[in-house]
K.L.:
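So that we are looking at the same thing, I have put the structure below in C-alpha cells.
Below, chain A is the first sequence line, B the second, and so on; all start at residue 1.
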2 protein chains.
Amino acid sequence: MHSCPGSASKSQHQAVRDTLEVISGKWKLVILALLLNRPYRFKELSREIGISPRILSKELQELEQHQLVTRRVCETRPITVEYASSDHGRSLLSVVQAMSDWGYLHHETIVGKKRLDDPSAQIA
Amino acid sequence: MHSCPGSASKSQHQAVRDTLEVISGKWKLVILALLLNRPYRFKELSREIGISPRILSKELQELEQHQLVTRRVCETRPITVEYASSDHGRSLLSVVQAMSDWGYLHHETIVGKKRLDDPSAQIA
DNA sequence: GTAACCGGTATCCTTTTGGTAATTGATAAC
DNA sequence: GTTATCAATTACCAAAAGGATACCGGTTAC
C-alpha cells in the first residue's frame with residue numbers, strides 16, 4: 001500500500017522533504033487551498049484568513065517564485081490585484097485535498113487536544 | 001473536483017490549518033514517512049535523516065502527544081527504544097503519500113530553483 | 001480639504017525553530 | 001578503570017518565522 005518498503009522508494013522521506021521546502025510555513029497551503037477554488041484579491045485573502053499584509057505579501061511572493069500562483073493587476077478603480085492558482089499550483093491539489101480531508105476528520109481530536117494543552121484554558 | 005466552491009465546504013482552509021497545526025515543522029512528516037514503513041529506533045532515525053538528538057527527541061514527543069506514534073522501550077543490552085506509527089498516524093498515509101508523490105514529480109524543478117536562489121552557487 | 005479604498009512596504013518586536021556541544025545514567029566490553 | 005553504546009537532556013545561541021502598527025502612493029467620493 002505505502003509504495004515500497006525497500007529499494008524502489010530510494011528515499012521517500014527525501015521526497016517529502018523536497019515538497020516541504022516549497023510549501024513550508026503556516027500559510028502557503030492555506031492560501032493555495034483558497035486559490036484552488038477561485039482567484040482572490042489581496043485584501044480579500046487578507047480578510048478571509050486573517051493574515052497581516054506583510055506576511056501575506058511575503059507568502060504570495062514566494063508562491064509566485066515557485067510558480068504556484070499567478071499575479072494579475074486589474075485596471076479597475078481603484079486598482080486591484082488578482083491572485084490565482086497556476087497549473088503547477090493545481091498539481092498540489094491532491095496534497096491540499098488530503099490535508100483538508102484529514103483536518104475535517106480529526107478536527108474534534110485536534111481542537112480537544114489544543115484545549116488540554118492550552119494554559120489559558122480555565123478550570124472554572 | 002475540488003470538493004465544493006461554496007457552502008458545503010464551510011471552510012476548507014480551516015481544515016488545512018487544523019492539519020498543519022499537528023504536522024507543522026520541518027521534521028514531523030519526514031519522521032512519519034519513515035515510521036509508516038517500519039518501526040525505527042531513536043539512533044536509527046537520527047542517522048537516517050540527519051537530525052540532532054535534541055530536535056528528534058522534541059519532535060517525537062510531540063508526535064507522541066498527538067498519538068501519531070508509539071514509543072516502546074525494549075529490554076535489550078543496551079536498552080533501545082522503538083518508535084512506530086500508530087493507527088492514528090497511519091491515517092495520515094494519504095497526506096504523506098500525496099506529498100512524496102509530488103516531491104518525486106517536482107524534484108528537478110525544486111532542486112533547480114534551489115540552485116538559482118542559492119547564494120553559495122558559484123558563477124564560475 | 002478630508003476620508004476611504006486599494007495593494008503593498010517599513011519598522012519594530014516577540015516567538016518559534018533549529019543547531020552545536022556537553023553531559024547524564026545505565027550497561028556492557030576490554 | 002577506561003571506553004563505548006544507547007537514549008536522551010541541558011545550556012547556549014543564531015536565524016527564521018510571524019505579528020502589530022504605521023505608513024506610502026494612487027484614486028475616488030464627499
K.L.:
Can you see if the side chain of A/T80 gets near the phosphate of C/dC6 - specifically, an N or O under 4.0 Å from OP1 or OP2?
P.N.:
no
K.L.:
Between A/H66 and A/H88, is there a side-chain donor-acceptor contact under 3.5 Å, judged purely by atom types and distance?
P.N.:
no
K.L.:
What protein N or O atoms touch nucleotides 14-18 of chain D N or O atoms at under 3.5 angstrom, if any, and at what distances?
P.N.:
residue	atom	partner	partner atom	Å
D/dG18	OP1	A/K26	N	2.8
D/dG18	N7	A/R54	NH2	2.9
D/dG18	O6	A/R54	NH2	3.4

K.L.:
Is the phosphate of C/dG7 approached by A/Q61 (side-chain N or O, under 4.0 Å from OP1 or OP2)?
P.N.:
no
K.L.:
Does the side chain of B/W102 pick up a donor-acceptor pair with the side chain of A/S91 at under 3.5 Å?
P.N.:
yes
K.L.:
Of the listed nucleotides (C/dG8, C/dG7, D/dA8), which one gets closest to any side-chain atom of B/Y83?
P.N.:
D/dA8
K.L.:
Can you tell me how far P of D/dA7 sits from CZ of B/F42, to the nearest Å?
P.N.:
7 Å
K.L.:
To the nearest Å, give me how far apart OH (B/Y40) and C1' (D/dC6) are.
P.N.:
18 Å
K.L.:
Could you walk me through whether A/R17 and A/Q14 pass the side chain to side chain contact (heavy atoms under 4.5 Å, CB included) check?
P.N.:
CA-CA 5 Å; A/R17 287 173 87 158; A/Q14 250 305 334; 4.0 Å; yes
K.L.:
May I ask you to list the residues of residues 43-52 of chain A, by number, that have any heavy atom positioned under 4.0 Å from an atom of DNA chain C?
P.N.:
A/K43, A/R47
K.L.:
Indicate whether OP1 or OP2 belonging to C/dG8 is found under 4.0 Å from a side-chain N or O atom of A/R71.
P.N.:
yes
K.L.:
Tabulate atom names and distances for all N/O pairs under 3.5 angstrom spanning the protein and nucleotides 22-30 of chain D.
P.N.:
residue	atom	partner	partner atom	Å
D/dT28	OP1	A/R77	NE	3.1

